[in-house]
Amino acid sequence: MLDDRSCVDQFVAAVGTRIAHVTPAQNLTGITAQGLLSAAMLAQRAGIEPGSITMRQNRLEIGTTLLTHQRPLLQGAAAAERMLEDHNMYSWAAQLDMRVFFWPERKGHAFAKSIARDVEVAVIWLDAARFAAALTDHIDLAPINTGNFCRSGAKVRRGDWIYSPLRSGLQAFRSNRQMRGLKQNTDIVTEISIRSVISPGLLRSIRSD
């Protein structure tokens, strides 16, 4: 396990100096007031059973917050059933809803463009070093968009193990799929996620925009 300083240094080396959180623009006011919460946490706070919001075909409003849909999972349902380990598509959708997702700077703009086809989006930029220092024990790294089972995502095996804790170190992440015989080369970080809340105060302190 890495010490705190090494975690920060390796995180920045892997993702760059900034990371992005992409969200519908209408969510900015709520994020400023509540911080960044997962879809499951938003549902719980609204008195809604989190399991009832999974497998969303369309975007869903909870209060003033607009949740993204889960079509990349639904449209790849057949692939999901083949590629998932120790999960089915329903349990995978539920665990996705327990996470807040971020993207390395090189991926943030591309991801924003991909979801901006039917909704106005905003990108919240965070300082990678301050993010890692504050959330070291909550950060997971993934080499893929873990919610996408369409096109190239339809051929990627995954389970809970696809999320490599930052605390385990960058080398453990890079060789994760290689050690399982799923890939010949080492991986690079495509997706970052946490199963934690980022409070309004913490969010203000780590924003870089």
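The structure presented is a predicted model; accordingly, all values stated were derived computationally and were not measured. Residue numbers start at 1 and run along the sequence shown.
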Does L84 reach the side chain of N88, with side-chain heavy atoms less than 4.5 Å apart? no
How close do I19 and A128 get, counting heavy atoms only, and between which atoms? CG2-CB, 4.3 Å
When you compare the side chains of D9 and S6, does any donor N or O come within less than 3.5 Å of an acceptor on the partner? no
Check step by step if side-chain contact (heavy atoms from CB on, under 4.5 Å) holds for L66 and L60. CA-CA 6 Å; L66 183 64; L60 173 68; over 6 Å; no
Less than 3.5 Å apart, any donor N or O on the side chain of E85 or W161 sitting next to an acceptor on the other? yes
Take atom CZ of R151 as the centre, draw a 6.0 Å sphere, and report whether it contains more than 12 heavy atoms from other residues, nucleotides or ligands. no
Any idea which heavy atoms bring A79 and F149 closest together, and the distance? CB-O, 3.8 Å
Going by an N to O cut-off under 4.0 Å, is there a salt bridge joining R207 and D127? no
With distance as the sole test, does Q178 use its side chain to make a donor-acceptor pair with the main-chain N or O of Q184 at under 3.5 Å? yes
Check whether any side-chain heavy atom of T186 sits under 4.5 Å from a side-chain heavy atom of F173, and report yes or no. no
Checking T23 against V121 for the side-chain contact (heavy atoms from CB on, under 4.5 Å) test, could you report, in this order, the C-alpha distance in whole Å, the side-chain angles of both residues, the deciding distance, and whether it holds? CA-CA 6 Å; T23 188; V121 302; over 6 Å; no
Out of Q70, H69, R71, which one pairs with N58 under the side-chain hydrogen bond (donor to acceptor under 3.5 Å, both in side chains) rule? R71
Please answer whether the main-chain N or O of G63 pairs with a side-chain N or O of E61 as donor and acceptor at a distance below 3.5 Å. no
Please check: side-chain N/O of D187 versus main-chain N/O of P143, any donor-acceptor pairing under 3.5 Å? no
Check whether F101 and L37 end up in the same hydrophobic cluster, where Ile, Leu, Val, Met, Phe, Trp and Tyr are linked by side-chain heavy atoms less than 4.5 Å apart. no
For the residue pair F102 and H21, does the interplanar ring angle fall in the parallel (under 30°), tilted (30 to 60°) or perpendicular (over 60°) class? tilted
Any side-chain donor paired with an acceptor under 3.5 Å for E120 and Q26? no
Which pair of heavy atoms, one from P165 and one from Y163, lies closest together, and at what distance? CD-O, 3.6 Å
Stepwise, does the side-chain contact (heavy atoms from CB on, under 4.5 Å) test hold for S38 with R99? CA-CA 5 Å; S38 68; R99 296 178 179 272; 5.8 Å; no
Quick one: does any side-chain atom of T136 pair with a main-chain N or O of A132 as donor and acceptor, under 3.5 Å? yes
Check whether any side-chain heavy atom of R177 lies under 4.5 Å from a side-chain heavy atom of I162, and answer yes or no. yes
Within 6.0 angstrom of D86 CG, more than 12 heavy atoms from elsewhere: no
Nearest heavy atoms of A33 and P200, plus distance in Å: O-CG, 3.2 Å
Between D140 and R195, does a salt bridge (Lys or Arg N to Asp or Glu O under 4.0 Å) hold up when you go through it step by step? CA-CA 9 Å; D140 290 330; R195 295 181 64 171; over 6 Å; no
Check against salt bridge (Lys or Arg N to Asp or Glu O under 4.0 Å), R167 and D4: CA-CA 8 Å; R167 182 69 80 178; D4 290 355; 2.8 Å; yes
Please check if the side chain of S175 supplies one atom and the backbone of Q171 the other of a donor-acceptor pair under 3.5 Å. yes
Are any non-hydrogen side-chain atoms of Q10 and L2 less than 4.5 angstrom apart? yes
Quick one: does R174's side chain have a donor or acceptor within less than 3.5 Å of a partner on I188's backbone? no
Determine, stepwise, if the pair M1 / S168 fulfils side-chain contact (heavy atoms from CB on, under 4.5 Å). CA-CA 5 Å; M1 293 292 179; S168 297; 4.1 Å; yes
So, do I198 and V100 sit near enough that their side-chain heavy atoms are less than 4.5 Å apart? no
